[in-house]
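Atoms within a ligand are numbered from 1 in the order they appear, just like the ligands themselves.
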Amino acid sequence: MSEAAGISGFLTLKIFSLHSVNYLNQSVAKLTGIGAQTANRLEKLGIRVIQDLVFHLPLRYEDRTRVHPIGSLMAGMTALICGRVEFIDILPRGRKSLICRISDDTGFISLKFFHFSASQHNALKPGTLISCFAEVRYGFAGLEMVHPDYQVISNPDDFVTETRLTPVYPLTEGLSQTTLRKAVRQALSLCNSEPGTLVDWIPESILKQYHYPSLTEAIQTLHAPDESVSTEALQNGSVPALKRLAFEELLAHHLSLRKTRNRAKVWQAPAFTGDKAAAEQFLRSLPFKLTRAQHRVIAEIEVDCSQQHPMMRLIQGDVGSGKTVVSAYAALLALTAGYQVAVMAPTELLAEQHKRNFDAWFEGFQTQVVFLTGQQKGNARKAVLQDLEEGSAGIIIGTHALFQEGVNFHRLGLIIIDEQHRFGVHQRLALREKGQQAGIRPHQLVMTATPIPRTLAMLQYSDLDISIIDELPPGRKPIVTSVIPAERRAEVIDRINNWVAKKRQVYWVCTLIEESEILQCEAAEKTAEILTQALPDVRVALIHGRLKSTEKDAVMQAFKNRQIDLLVATTVIEVGVDVPNAGLMIIENPERLGLSQLHQLRGRVGRGDSESYCLLIYQAPLSDTARQRLGILRDSNDGFVIAEKDLQLRGPGEVMGTRQTGQMHFRIADLARDADLLEHIQQTGDQFFIESPDAVEPLCDRWLGASTEYSEV
Ligand code: ADP
Ligand code: MG
């Protein structure tokens with residue numbers, strides 16, 4: 001009973017009569033002043049239990065700790081003042097308003113109310129002493145405060161300023177700051193009066209290393225900072241208390257992924273021991289020699305696949321670095337060990353290109369490469385599925401159709417996923433489930449041409465081993481990129497004429513800010529029309545996402561065969577198009593796309609051994625950041641450099657993009673503000689597993705919740 005008595009001095013708890021409950025896990029409805037309705041509103045903010053309140057941090061703070069002399073006010077300040085009413089009046093002009101002038105020994109200021117009551121009018125009689133808190137701005141008659149938060153001071157001796165900064169919390173409709181502040185105060189006092197309720201999972205050694213406060217201290221500082229805390233540091237998020245929590249949260253995400261990786265090691269996988277003769281034959285029959293980087297990654301894959309545990313490897317490599325052939329080598333390992341391979345690509349165009357490549361590369365091997373997309377129906381589909389199930393097909397290449405119902409493998413040993421960030425977690429999961437049985441799981445190789453900086457990879461891909469192809473095949477000439485305002489469009493069109501006269505081909509890419517595919521296609525259609533008229537000697541064709549796959553095929557084939565000079569496209573050609581003779585690309589409104597997407601698009605040119613160009617036609621005026629970003633693209637052809645620079649310019653959140661962050665949502669950490677923390681995550685993660693293995697689980701639970709833990713992908 002003593003625990004309950006201990007806290008009741010401060011708050012009257014409605015329940016909490018049990019001894020061993022962790023109060024913090026109890027519903028917020030158990031706090032004083034929180035009824036069912038308020039509890040519902042809190043739930044909209046993600047606050048269900050008392051601990052959630054503890055982690056619901058202020059958005060900002062108000063300084064009501066000292067009274068500013070009115071004469072010292074300047075527009076833009078938010079300040080607490082104290083003064084006597086000089087006069088009060090209702091202005092009927094325009095919008096009816098209540099004006100009240102107050103002054104102290106140093107000056108005067110007007111207060112303005114557009115909504116007011118008669119009692120308010122009466123209470124603010126001349127001579128009344130009041131305190132006001134609001135932002136100061138320039139008004140009609142000098143400085144003014146609009147709708148200040150004010151209080152009448154009936155006895156000057158009773159007037160006390162706050163001793164701490166006042167927290168301002170994120171709210172939801174119907175919830176007031178006062179209610180939330182009271183609730184948080186109760187939650188905090190529970191933490192304080194019951195040491196150990198709010199467990200600090202970060203070991204002392206790590207706290208010391210980074211000079212971080214303890215959890216209770218950090219929480220206290222953020223909700224109710226005392227005078228020693230710099231207001232500026234609080235406002236800009238650099239206080240150690242906040243850094244500590246952000247760090248803890250990032251660490252939890254990282255640890256959760258590593259847990260996933262450790263768990264995956266429990267599964268068995270077929271060991272591919274490799275077949276030397278086959279490997280030599282494969283390499284000999286390629287029309288090129290592999291780069292050193294490709295050889296290195298192949299060696300890493302060989303080691304992985306020779307283990308009896310599933311490989312979980314990500315290949316990061318710039319556009320054109322030759323990831324496909326590396327994955328084909330992995331496929332060979334599986335085939336020679338008697339297993340099947342599934343290759344999944346995000347678009348049909350890309351899947352078709354892989355099919356052509358694999359067909360060529362595996363020609364001399366006794367295996368059948370089959371193809372499956374959503375478009376295939378009837379007997380053709382049936383035949384493919386049968387070959388797969390019986391095992392006569394060794395490799396299947398396709399789109400997400402691969403994991404649909406009715407697709408059954410005979411003996412799936414390896415899954416290859418291209419452009420992995422384009423797939424949802426569930427799609428990847430579903431494919432793997434097809435191949436897993438009796439504790440055995442296929443190896444997995446995923447590839448991405450969207451390099452992300454190392455520090456972000458620590459956070460995002462900590463469940464995968466990473467290989468990097470950091471070298472392009474020899475002989476590639478860098479793409480020359482220019483940034484051109486839309487007024488010079490005519491010049492650009494001229495350039496197309498010259499280019500086509502030299503028997504070279506061109507891409508014209510239309511971008512649109514809307515996600516709507518229909519609108520994108522319409523824009524491309526219109527552009528194609530205009531260009532057809534402007535360029536009578538040029539054969540123009542159009543490709544976009546709404547064409548049937550046979551139509552797309554026909555267009556692509558014609559472009560490959562040089563029956564088309566200028567291909568107008570939407571961003572569907574972002575991946576998978578390989579036409580070396582096309583060496584000029586025009587991208588309209590590049591400012592609408594992310595840098596890495598632009599870099600990928602641009603990667604469609606520069607595939608042959610002659611010069612190639614990319615013209616970025618922007619709509620003026622450009623923002624400063626947009627100008628700098630396009631400049632980055634102009635100055636570099638290296639995807640990793642581009643990603644790093646973009647990171648510095650825009651912050652990690654933007655670089656990762658929503659598409660890539662997947663399910664990473666942070667409550668406190670802000671990747672832009674807390675980018676400096678990322679560097680230490682990996683090493684601290686190692687230390688954590690050694691020093692506090694038992695804390696991993698509860699720490700992940702605290703930040704990710706038991707249910708939102710990253711699924712194994
Ligand atoms: P990405 O990494 O963007 O997927 P691809 O695998 O499509 O790149 O390779 C781009 C082009 O380079 C393809 O035409 C491929 O056949 C070719 N290629 C791959 N490796 C080499 C190499 N070592 N030397 C020359 N060309 C190569
Ligand atoms: Mg590729």
Side-chain angles (χ1 to χ4, degrees), residues 279 282-301 313-332 343-363 369 395 397-399 415-423 445-452 466-479 505 507 556 559-560 571-583 585 596-610 612 614 637-640 642-643:
F282 180 84
L283 295 178
R284 237 192 349 258
S285 68
L286 291 178
F288 45 74
K289 272 178 70 180
L290 295 184
T291 62
R292 262 197 329 249
Q294 285 171 319
H295 274 299
R296 190 187 64 235
V297 174
I298 280 178
E300 287 165 353
I301 292 170
R313 187 167 284 280
L314 170 75
I315 305 180
Q316 277 199 56
D318 215 339
V319 253
S321 61
K323 295 182 288 295
T324 321
V325 69
V326 170
S327 74
Y329 188 96
L332 182 71
V343 182
M344 184 159 76
T347 63
E348 270 175 48
L349 264 170
L350 189 51
E352 280 156 18
Q353 185 177 299
H354 285 337
K355 166 81 162 87
R356 277 194 295 275
N357 278 327
F358 276 68
D359 272 340
W361 293 334
F362 287 98
E363 209 187 288
V369 182
I395 302 178
I397 298 178
T399 57
I415 295 170
I416 296 169
I417 298 174
D418 198 11
E419 302 297 338
Q420 64 88 30
H421 61 278
R422 297 287 207 98
F423 290 101
L445 187 63
V446 299
M447 304 189 277
T448 179
T450 313
I452 66 168
I466 300 180
S467 290
I468 295 179
I469 305 186
D470 50 4
E471 185 182 357
L472 291 183
R476 298 265 166 87
K477 291 221 173 83
I479 303 159
Q505 291 161 285
Y507 296 105
M556 278 325 296
F559 191 59
K560 271 199 141 158
T571 50
V572 291
I573 59 151
E574 183 187 337
V575 287
V577 179
D578 194 15
V579 181
N581 188 49
M585 174 177 279
S596 58
Q597 201 187 354
L598 282 169
H599 178 62
Q600 289 224 351
L601 271 175
R602 181 175 64 173
R604 298 307 109 210
V605 297
R607 307 209 136 219
D609 36 23
S610 45
S612 42
C614 178
N637 271 292
D638 182 329
F640 283 93
I642 291 170

Asks: Under 4.0 Å from a heavy atom of Leu290: which atoms of ligand 1 are those, numbered in the order shown and with their elements?
Replies: 23 (N)

Asks: Taking the non-hydrogen atoms of Gly320, is any one of them nearer than 4.0 angstrom to ligand 1?
Replies: yes

Asks: Indicate the atoms forming the closest heavy-atom contact of Ile469 with Ala293, along with that distance.
Replies: CG2-CB, 3.8 Å

Asks: Name the closest protein heavy atom to atom 8 (O) of ligand 1, giving the residue it belongs to and the distance to 0.1 Å.
Replies: Gly322 N, 3.3 Å

Asks: Are His295 and Arg292 close enough that a side-chain donor and a side-chain acceptor fall under 3.5 Å?
Replies: no

Asks: What is the nearest protein non-hydrogen atom to atom 2 (O) of ligand 1, stated with its residue, atom name and distance?
Replies: Lys323 NZ, 2.7 Å

Asks: Have a look at Thr324, Leu286, Thr291 and point out the one with the heavy atom closest to atom 5 (P) of ligand 1.
Replies: Thr324

Asks: How far is atom 20 (N) of ligand 1 from the closest protein heavy atom, and which atom is that?
Replies: Gln294 NE2, 3.0 Å

Asks: Measure up the Phe358 and Phe362 rings against each other and bin them: parallel (under 30°), tilted (30 to 60°), perpendicular (over 60°).
Replies: parallel

Asks: Write out the residue and atom name of the closest protein heavy atom to atom 13 (C) of ligand 1, then the distance separating them to 0.1 Å.
Replies: Asp578 OD2, 3.8 Å

Asks: Give me the nearest non-hydrogen protein atom to atom 12 (O) of ligand 1 as residue plus atom name, then the distance to 0.1 Å.
Replies: Arg476 NH2, 2.8 Å

Asks: Arg604 and Val319: side chain to side chain contact (heavy atoms under 4.5 Å, CB included), yes or no, with the steps?
Replies: CA-CA 8 Å; Arg604 298 307 109 210; Val319 253; 3.3 Å; yes

Asks: At a 4.0 Å threshold, what atoms of ligand 1 neighbour a non-hydrogen atom of Val319?
Replies: 3 (O)

Asks: For Lys289, counting its heavy atoms only, list the atoms of ligand 1 lying under 4.0 Å from any of them.
Replies: 22 (C), 23 (N), 24 (N)

Asks: I need the nearest protein heavy-atom contact for atom 15 (C) of ligand 1: residue, atom name and distance, please.
Replies: Phe288 CE2, 4.2 Å

Asks: Between the side chain of Glu471 and the main-chain N/O of Thr291, is any donor-acceptor distance below 3.5 Å?
Replies: no

Asks: Just verifying a value: how many Å separate Ser612 OG and Arg476 CZ, rounded to the nearest 0.5 Å?
Replies: 10.0 Å

Asks: Under a 4.0 angstrom heavy-atom cut-off, which atoms of ligand 1 come close to Ser321?
Replies: 2 (O), 8 (O)

Asks: Any heavy atom of Asp318 sitting closer than 4.0 Å to ligand 1?
Replies: yes

Asks: In terms of ring plane angle, is the pair Tyr329 and Phe282 parallel, tilted or perpendicular, where the classes change at 30° and 60°?
Replies: perpendicular

Asks: Looking at CG of Leu445 and CD of Glu300, how far apart are the two atoms once the value is rounded to the nearest 0.5 Å?
Replies: 11.0 Å

Asks: Between the main-chain N or O of Asp638 and the side-chain N or O of Asp318, is there a donor-acceptor pair closer than 3.5 Å?
Replies: no

